[in-house]
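Notes follow the structure.
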Amino acid sequence: MVKIIECPRDAMQGIKEFIPTELKIKYINQLLKAGFDTIDFGSFVSPTAVPQMSDTVKVLEQLDLSGSKSKLLAIIANVRGAQDAASHNEIYYLGFPLSLSETFQKRNTNKSIEEAFAQVREIQSICEIHKKEFVVYLSMGFGNPYGDPYDVEYVKDFTGKLFDIGVRIVSLSDTIGIAKKEDLQYLFTSLIPAFPRIEFGAHLHASPFNAVDMVKEAYKAGCRRFDGAIKGFGGCPMAKDDLVGNIPTEKMIEYFISHDINTGVDLNALEEAMAIAGKVFPQ
Ligand SMILES: CC(C)C(=O)C(=O)O
């Protein structure tokens, strides 16, 4: 069994033209019928920084969770966002991107890694108080284009610090799609045995041509938690001008089905969601 985290938030956030709230609601409600483990549905971040996500609360209010086995995840970028998100009972996971690259951390949040880590500490305790699960995304998890220090020992050390403050889910995020198969293999096979009490995930960005190969490599290396977005839409608008898409969910599912690996996803409901995606995203 693998956990599939469908990320309409990541797919939508970089689109300049505002997607009508009603259409977002319709799309996410269909995704909720498809049986994904989790839906990364929105973010509690500055509407100036990410205007597309400014209607996250309105969207949340109209989501139909009855009968859905999916859990909702909201991305947050600071303590205030965490408090806002934690006040909503429907939200199960808070997800915080913490960069392994000092340059990207500053560019993305105007904070140093040390300052961001102090926020992680506070958010961890907010999650404990509000009984939320906390997912830390290690952005630039496979290296960075800025020449900032990076190697597997550095990632291990970072993960150890997160473990020490109580974090139990860490998702390695290939923010700009630079991971190679060997990196996935090396990183997951080093981290998973070193931290048996942490659930590791893969939030990959890749071209449609090598997306499935990347998933395959991460799976072989022991990863069981995978983020994706239907048709590979999306990418991080803070990282690059030309977005590198998400892993196309339907391709990932095709791969798992062909290897008899259960995803829990209902293919008919997925197909219906893909039809709506055609209206949500500019082609
Ligand atoms: C917030 C994280 C998960 C992200 O979208 C990324 O790093 O691409």
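Computed from heavy atoms alone, side chains included, the values below leave out hydrogens, waters and symmetry copies. Atoms within each ligand, like the ligands themselves, are counted from 1 in listed order.
- The shortest N or O to N or O distance between Ser173 and ligand 1 is below 3.5 Å.
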Which donor-acceptor pairs under 3.5 Å do the side chains of residues 163-171 make with protein atoms, sequence neighbours left out?
residue	atom	partner	partner atom	Å
Arg168	NH1	Phe163	O	3.0

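- Under the 30°/60° scheme for interplanar angles, the aromatic rings of Phe188 and Phe200 are found to stand perpendicular.
- Distances between N or O atoms of Asp10 and those of ligand 1 include at least one value under 3.5 Å.
- Close approach to Thr175 involves these atoms of ligand 1, each under 4.0 Å from a residue heavy atom: 7 (O).
- Between the side chains of Ser112 and Glu115, at least one donor-acceptor pair of N or O atoms lies under 3.5 Å.
- Counting heavy atoms only, Arg9 comes closest to atom 2 (C) of ligand 1 of the residues His205, Arg9, Met140.
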List the atom pairs, donor and acceptor, that lie under 3.5 Å between side-chain atoms in residues 217-226 and the rest of the protein, sequence neighbours left out.
residue	atom	partner	partner atom	Å
Arg224	NH1	Tyr219	O	2.8
Arg225	NH1	Glu199	OE2	3.4

